[in-house]
Amino acid sequence: MKTAEIRQLNDKDLAQKLGDLKVELFNLRFQHATGQLDNPMRIKGVKNDIARVKTIVRERELKIGKEA
């Protein structure tokens with residue numbers, strides 16, 4: 001997910017997206033532990049998406065984002 005796409009979401013949608021990404025990361029880790037994960041690089045991508053969302057949320061809290 002691109003940063004520009006994340007910035008277009010409102011605060012409620014960001015919180016929902018963050019929750020969805022955390023659930024997806026949990027499921028990917030579970031699949032990896034059981035040997036069912038086909039693409040282990042997907043874990044890294046989801047972690048990066050979580051970091052992007054958290055960064056945008058923090059920027060909005062501090063009012064330093066592009067749209068703030």
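Everything numeric here is computed off the predicted structure, so don't read it as measured data. One is the number of the first residue; the rest follow in order along the sequence.
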How many angstroms lie between [atom1] in [X] and [atom2] in [Y], if you round to the nearest 0.5 Å?
X: Thr3; Y: Arg7; atom1: OG1; atom2: CZ; result: 6.5 Å
X: Leu9; Y: Ile56; atom1: CG; atom2: CD1; result: 9.5 Å
X: Asp49; Y: Lys54; atom1: CG; atom2: NZ; result: 13.0 Å
X: Ile50; Y: Lys17; atom1: CD1; atom2: NZ; result: 10.5 Å

Taking side-chain hydrogen bond (donor to acceptor under 3.5 Å, both in side chains) as the cut-off, I'd like each qualifying pair that reaches into residues 28-37, sequence neighbours left out, listed once. none
Could you list the residues that satisfy salt bridge (charged side-chain N to carboxylate O under 4.0 Å, His left out) with Asp20, not counting sequence neighbours? none
Looking at Glu5 and Lys2, is any side-chain nitrogen of the basic one under 4.0 Å from a carboxylate oxygen of the acidic one? no
Heavy-atom pair with the smallest gap, counting every atom of Val53 and Leu14: CG1-O, 3.8 Å
Considering non-hydrogen atoms only, spot the tightest contact between Asp38 and Pro40 and give its length. O-CD, 3.5 Å
One pair to check against side-chain contact (heavy atoms from CB on, under 4.5 Å): Thr55 and Ile6. What are the steps and the verdict? CA-CA 10 Å; Thr55 300; Ile6 296 171; over 6 Å; no
Could you tell me which residues satisfy side chain to side chain contact (heavy atoms under 4.5 Å, CB included) with Asn48, sequence neighbours excluded, listed by chain and number? Lys44, Arg52
